[in-house]
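In what follows, residues are counted from 1 in the order of the sequence shown.
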Amino acid sequence: MRLRPTSVTPAPKDVDRLDELRACEEAVAREQKELSKSLEMAQRSLELSRVLVERAPDEPRWQRGLAIAYEKVANVLALRFELREARTLSERSLAIRLQLSARDPDNDLWQEDLSVTYERLADLCRMLGEPTGAEVFISSCLAIRTRLCERQPDDMRRLSALSVAYAVAAPLLDARGEPKEATEMLEKSLVLQCQVSQRAPGDLHALHDLSRAYRRLAEQHATRGARAQALEASERGLAIAESLARREPRNVVWQATLAVLLECTARFSDLAIVD
């Protein structure tokens with residue numbers, strides 16, 4: 001006797017779950033498609049930059065453009081988790097940056113560019129599991145950005161860049177077994193970001209960076225067992241994130257940051273209750 005195939009109607013929860021999985025798959029497919037398109041555009045830009053440099057190899061503008069083009073391709077490759085390829089292109093950018101800064105060491109733009117490349121290489125080395133290289137690069141980045149901030153202490157863009165460098169250095173110190181020094185780095189990062197947001201209260205991106213600085217410090221405090229301090233920092237970051245989400249409810253970045261800080265604050269609240 002042959003059995004007829006029967007159709008099974010999924011339970012409502014199963015349907016919801018399937019819809020969620022389908023939505024996730026579609027989002028991933030869209031992201032991969034967008035990354036492929038971004039990589040294609042960045043590679044075309046790189047080829048054009050190479051042509052310009054071949055025509056005028058001593059022109060600093062074209063050299064800088066080529067360095068930027070290398071980094072744009074490297075950034076997309078990093079998002080695709082092609083980290084070694086990304087590092088190779090970043091190192092080519094670094095070689096150009098070093099040449100430009102050697103020609104004109106007093107040029108602040110060349111120094112700023114060089115610090116950006118050092119920061120990106122530090123991140124790539126960290127993700128590749130090469131802490132020694134990461135430490136060398138972030139140390140060079142910090143030295144340049146500290147010097148630039150000393151020249152123009154009221155330049156908010158430079159203060160923000162230095163804040164980012166401190167934040168990049170912190171996990172490297174933590175991994176080396178120096179949690180106290182890592183915490184101090186994150187505290188310095190937070191102080192600078194507070195200065196930036198206070199001087200530009202209407203800058204939503206500065207406020208977003210401040211909320212992230214609070215979250216990083218909260219996670220560090222929690223790692224060290226300072227649960228009350230972790231909760232306090234997380235709550236301050238959460239208040240900023242909630243404000244941003246209310247101002248721009250359709251901003252995906254603001255909403256994602258809010259979700260992360262809600263989770264962090266709930267987790268740290270539970271830890272504080274245990275204490």
| Taking it one step at a time, do E71 and R97 satisfy salt bridge (charged side-chain N to carboxylate O under 4.0 Å, His left out)? | CA-CA 11 Å; E71 289 183 0; R97 304 286 202 201; 3.3 Å; yes

| query | Does the side chain to side chain contact (heavy atoms under 4.5 Å, CB included) test come out yes or no for L207 and D203, once each step is laid out? | reply | CA-CA 7 Å; L207 284 172; D203 188 335; over 6 Å; no

| Steps toward salt bridge (charged side-chain N to carboxylate O under 4.0 Å, His left out) verdict (E184, K188) | CA-CA 6 Å; E184 290 173 354; K188 289 180 180 179; over 6 Å; no

| message | I'd like to know whether N251 forms a side chain to side chain contact (heavy atoms under 4.5 Å, CB included) with L204, so could you lay out the CA-CA distance, the side-chain angles of the two residues, the decisive distance to 0.1 Å, and finally the verdict. | response | CA-CA 11 Å; N251 189 309; L204 300 187; over 6 Å; no

| request: Run the numbers on W110 and R64 for side chain to side chain contact (heavy atoms under 4.5 Å, CB included), then give the verdict. | output: CA-CA 9 Å; W110 296 164; R64 180 174 187 258; 3.2 Å; yes

| task | Check the pair I96, Y70 against side chain to side chain contact (heavy atoms under 4.5 Å, CB included), reporting the backbone distance first and the verdict last. | result | CA-CA 10 Å; I96 297 172; Y70 275 129; 4.0 Å; yes

| request: I would like to know whether R176 and E181 meet salt bridge (charged side-chain N to carboxylate O under 4.0 Å, His left out); could you show each step before the answer? | output: CA-CA 10 Å; R176 200 167 64 183; E181 289 76 6; over 6 Å; no

| field | Worked verdict on R84 versus E130 for salt bridge (charged side-chain N to carboxylate O under 4.0 Å, His left out) | value | CA-CA 11 Å; R84 295 194 181 280; E130 300 174 3; 3.7 Å; yes

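Within 6.0 Å of CZ in R44 there are 12 or fewer heavy atoms belonging to other residues, nucleotides or ligands. In R212, the CZ atom is not crowded: 12 or fewer heavy atoms of neighbouring residues, nucleotides or ligands sit closer than 6.0 Å. Shown here is R55, whose CZ atom has no more than 12 heavy atoms of other residues, nucleotides or ligands within 6.0 Å. Environment of CE in M127: crowded, with over 12 heavy atoms of neighbouring residues, nucleotides or ligands closer than 6.0 Å.
No continuous path of ILVMFWY side-chain contacts below 4.5 Å connects I68 to L39, so the two sit in separate hydrophobic clusters. Note on V53: it clusters hydrophobically with V73, by side-chain heavy-atom contacts below 4.5 Å among ILVMFWY residues. Linking Ile, Leu, Val, Met, Phe, Trp and Tyr whenever their side-chain heavy atoms come within less than 4.5 Å leaves V168 and I144 in two separate clusters. In this structure, V164 is not a member of the same hydrophobic cluster as M185, with clusters built from ILVMFWY side-chain heavy atoms closer than 4.5 Å. Under the 4.5 Å side-chain contact rule for hydrophobic residues, W62 and L66 share a cluster.
Under a 3.5 Å cut-off, the side chain of S139 and the backbone N or O of E135 do form a donor-acceptor pair. Between the side chain of D174 and the backbone N or O of A170 there is no donor-acceptor pair closer than 3.5 Å. The main-chain N or O of A239 is never found under 3.5 Å from a side-chain atom of S243 such that the two would form a donor-acceptor pair. A donor-acceptor pair under 3.5 Å links the side-chain atoms of E59 to the main chain of R61, judged by distance alone. In this structure a side-chain-to-backbone donor-acceptor pair under 3.5 Å is present from R158 to L148. Formation of a donor-acceptor pair under 3.5 Å by the S197 side chain with backbone atoms of C194 is found in this model. A donor-acceptor contact shorter than 3.5 Å links the side chain of T146 to the backbone of L142. Here the side chain of R87 pairs no donor or acceptor atom with the backbone of L124 at under 3.5 angstrom. With E119 contributing its side chain and I138 its backbone, the two residues share no donor-acceptor pair below 3.5 Å. When atom types are taken as modelled, the side chain of S93 and the backbone of L89 share no donor-acceptor pair closer than 3.5 angstrom.
Annotation: side chain of Q255 is not in contact with side chain of V260 (no heavy-atom distance under 4.5 Å). The closest side-chain heavy-atom distance from R145 to V116 is below 4.5 Å. E219 has its side chain within reach of R267: a pair of non-hydrogen atoms, C-beta onward, lies under 4.5 Å apart. Counting only heavy atoms from C-beta outward, the side chains of F137 and L94 approach each other to under 4.5 Å. The shortest distance between side-chain heavy atoms of Y214 and I240 falls below 4.5 Å. Side-chain contact between L109 and L100: absent, with no pair of heavy atoms (C-beta onward) separated by less than 4.5 Å. At least one side-chain heavy atom of L261 sits under 4.5 Å from a side-chain heavy atom of S234.
Across all non-hydrogen atoms, the minimal contact from A241 to S211 is N-CB, 4.4 Å. L114 and S101 make their closest contact through CD2-OG, 3.9 Å (heavy atoms, listed as atom of the first residue, atom of the second, distance). Residues P179 and Q220 approach most closely at O-NE2, 3.3 Å, considering heavy atoms. Closest approach of A222 and F268 over heavy atoms only: CB-CE2, 3.4 Å. Counting all heavy atoms, side chain and backbone alike, Q193 lies closest to A206 at NE2-O, 3.7 Å. The two residues P105 and Q111 make their nearest non-hydrogen contact at O-NE2, 3.6 Å.
In this model, no donor atom of one side chain and acceptor atom of the other lie less than 3.5 Å apart for T183 and H221. Side chains of R120 and S90: no donor on one and acceptor on the other come within 3.5 Å. A donor and an acceptor atom, one from each side chain of T265 and E235, are nowhere located under 3.5 Å apart.
Using the six-membered ring where Trp is involved, W254 and H205 have ring planes that are perpendicular, over 60° apart on the 30 and 60° scheme.
Checking each of L192, L190, V196 against L210 for a side-chain contact (heavy atoms from CB on, under 4.5 Å) leaves exactly one that passes, namely L190.
For E47 and R50, the salt-bridge test passes: some basic side-chain N is under 4.0 Å from an acidic carboxylate O.
Distance check: E263 CD to L258 CG gives 12.0 Å after rounding to the nearest 0.5 Å. Rounded to the nearest 0.5 Å, atoms CD (Q43) and OG (S38) are 11.0 Å apart. Taking CG of L98 as the reference point, atom OG of S140 lies at 9.0 Å (rounded to 0.5 Å). To the nearest 0.5 angstrom, L128 atom CG is 10.0 Å from L121 atom CG. How far CG of L35 is from CG of N75: 11.5 Å, rounded to the nearest 0.5 Å. Note: L217 CG to R236 CZ = 10.0 Å, rounded to the nearest 0.5 Å.
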